[in-house]
Participant: 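Quick one: the structure is below, questions incoming.
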Amino acid sequence: MTTVPAPPPLVEQTVSRLRQALLSNVHRPGDKLKVDHLREQYGCSSSPLREALNRLTYEGLVIADERRGFRVAPISVDDFNDITRLRLTLDIQALEESIAIGDDDWEARAVASFYRLQKVEDRLPDGPTVLNSEWAQLHKDFHMTLLSASTSPRLLQTCSSLFDQAERYRRFSAAHRVQPRSKSGEHEAILNATIGRNRAEATALLTGHITRTQQDIAMIVPLLME
């Protein structure tokens with residue numbers, strides 16, 4: 001008999017729904033997040049909403065102010081540069097550790113995650129793939145799988161949080177990008193170098209992948225914020 005898994009607790013559901021709304025810019029940078037309005041929107045009481053907002057404050061997606069309540073974290077080039085600086089330190093560290101100690105199961109999961117990402121990307125029409133929610137989730141899965149052989153849960157948790165903070169910028173800018181950027185070739189090159197245990201090439205490719213996004217943001221965000 002197949003056991004149906006229990007749904008996640010209400011707070012976890014609320015965190016997940018709010019996080020996706022923030023990443024998709026349903027709630028715009030700087031917007032107030034009024035608990036009364038969110039109760040109606042998400043159909044839950046104040047208690048899980050406040051806990052979810054506090055969790056998302058810790059993740060850097062929400063700002064909490066004792067006098068003004070909660071609001072969506074603002075965006076700026078300086079903030080994204082700071083996110084990128086940390087990713088270039090922590091993601092690279094996690095990738096190096098994964099390359100050093102990852103086993104056959106880790107390699108298989110990395111290949112499978114790339115395959116799923118590529119299959120979805122192949123089905124999508126021309127346009128910014130990051131705006132497709134299925135692709136966006138598989139994109140994160142791919143990157144986090146590459147790092148997942150690291151033995152530090154805190155390092156991986158921080159990498160995941162930084163990825164989400166960067167994701168909000170990617171989606172915000174992708175909607176206004178003139179020429180969509182195809183990432184499939186970049187991902188395949190990173191994968192091949194990683195499972196080929198070529199540490200220097202893999203870290204160089206991941207560094208380039210991250211910094212190209214930084215260059216896109218530096219050009220687009222100032223124009224959107226005028």
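What you see is a predicted model; the values in this text were computed from it and never measured. Residue numbers count from 1 along this sequence.
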Participant: Judged by atom type as modelled, is there a donor-acceptor pair below 3.5 Å linking the side chain of S150 to the main-chain atoms of A94?
Facilitator: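 No, S150 side chain to A94 backbone: no donor-acceptor pair under 3.5 Å.
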
Participant: Centre-to-centre under 6.0 Å for H187 and F114, is that the case here?
Facilitator: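 Between H187 and F114, the centre distance exceeds or equals 6.0 Å.
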
Participant: Pick out which of L206, I195, T194 makes a side-chain contact (heavy atoms from CB on, under 4.5 Å) with L146.
Facilitator: T194

Participant: For W106 and I99, indicate whether the former's side chain and the latter's backbone hold a donor-acceptor pair under 3.5 Å.
Facilitator: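 Checked: no pair found.
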
Participant: Does a side chain donor of either D141 or Q137 reach within less than 3.5 Å of an acceptor in the other side chain?
Facilitator: yes

Participant: Are R109 and S148 linked by a side-chain donor-acceptor pair shorter than 3.5 Å?
Facilitator: yes

Participant: Under a 3.5 Å distance rule, please check whether S161 uses its side chain to pair with a backbone N or O of E59 as donor and acceptor.
Facilitator: yes

Participant: Give a yes or no on whether a salt bridge exists between D36 and R39, defined as a side-chain N under 4.0 angstrom from a carboxylate O.
Facilitator: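 Looking at R39 together with D36, the answer is yes, because their closest N to O distance falls below 4.0 Å.
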
Participant: Pick out which of R19, R168, R171, E167 makes a side-chain contact (heavy atoms from CB on, under 4.5 Å) with S24.
Facilitator: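 The side-chain contact (heavy atoms from CB on, under 4.5 Å) with S24 is passed solely by R171 among R19, R168, R171, E167.
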
Participant: Working to the nearest 0.5 angstrom, can you tell me the gap between L162 CG and I210 CD1?
Facilitator: 9.5 Å

Participant: Using 0.5 Å steps for rounding, measure from the OG1 atom of T14 to the CZ atom of R55.
Facilitator: 10.0 Å

Participant: At what distance, to the nearest 0.5 angstrom, does CZ of R87 lie from OG1 of T211?
Facilitator: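 These two atoms lie 10.5 Å from each other.
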
Participant: Membership question, hydrophobic clusters at under 4.5 Å side-chain separation (ILVMFWY): are V72 and V35 in the same one?
Facilitator: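 Yes, same cluster.
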
Participant: Once rounded to the nearest 0.5 Å, what's the spacing between atom OG of S46 and atom CG of L53?
Facilitator: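 So the gap between those two atoms works out to 10.0 Å.
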
Participant: Any salt bridge linking R85 with D82? Criterion: basic side-chain nitrogen under 4.0 Å from a carboxylate oxygen.
Facilitator: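 A salt bridge links R85 with D82.
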
Participant: Using 4.0 Å as the upper bound for N to carboxylate O, is an ion pair formed by E134 and R123?
Facilitator: yes

Participant: Rounded to the nearest 0.5 Å, what separation is found between the SG atom of C159 and the CG atom of L90?
Facilitator: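 Between C159 SG and L90 CG, I get 5.5 Å after rounding to 0.5 Å.
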
Participant: Distance only, no hydrogens: is a donor on one side chain within 3.5 Å (strictly under) of an acceptor on the other, for T151 and E97?
Facilitator: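 Yes, because at least one side-chain N or O of T151 sits under 3.5 Å from a partner of the opposite role on E97.
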
Participant: Is it possible for you to say whether Y115 and W135 belong to one hydrophobic cluster, with membership spreading through side-chain heavy-atom contacts below 4.5 Å?
Facilitator: no

Participant: Are F163 and H139 near enough that their ring centres are under 6.0 Å apart?
Facilitator: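 Distance test on ring centres: under 6.0 Å, yes.
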
Participant: Checking E107 against R197 for the side-chain contact (heavy atoms from CB on, under 4.5 Å) test, could you report, in this order, the C-alpha distance in whole Å, the side-chain angles of both residues, the deciding distance, and whether it holds?
Facilitator: CA-CA 10 Å; E107 282 193 22; R197 312 292 171 148; 2.7 Å; yes

Participant: Given the rule in the side-chain contact (heavy atoms from CB on, under 4.5 Å) test, do Q13 and Y42 qualify, once you have shown the distances and angles that lead to the verdict?
Facilitator: CA-CA 10 Å; Q13 293 182 45; Y42 292 95; over 6 Å; no

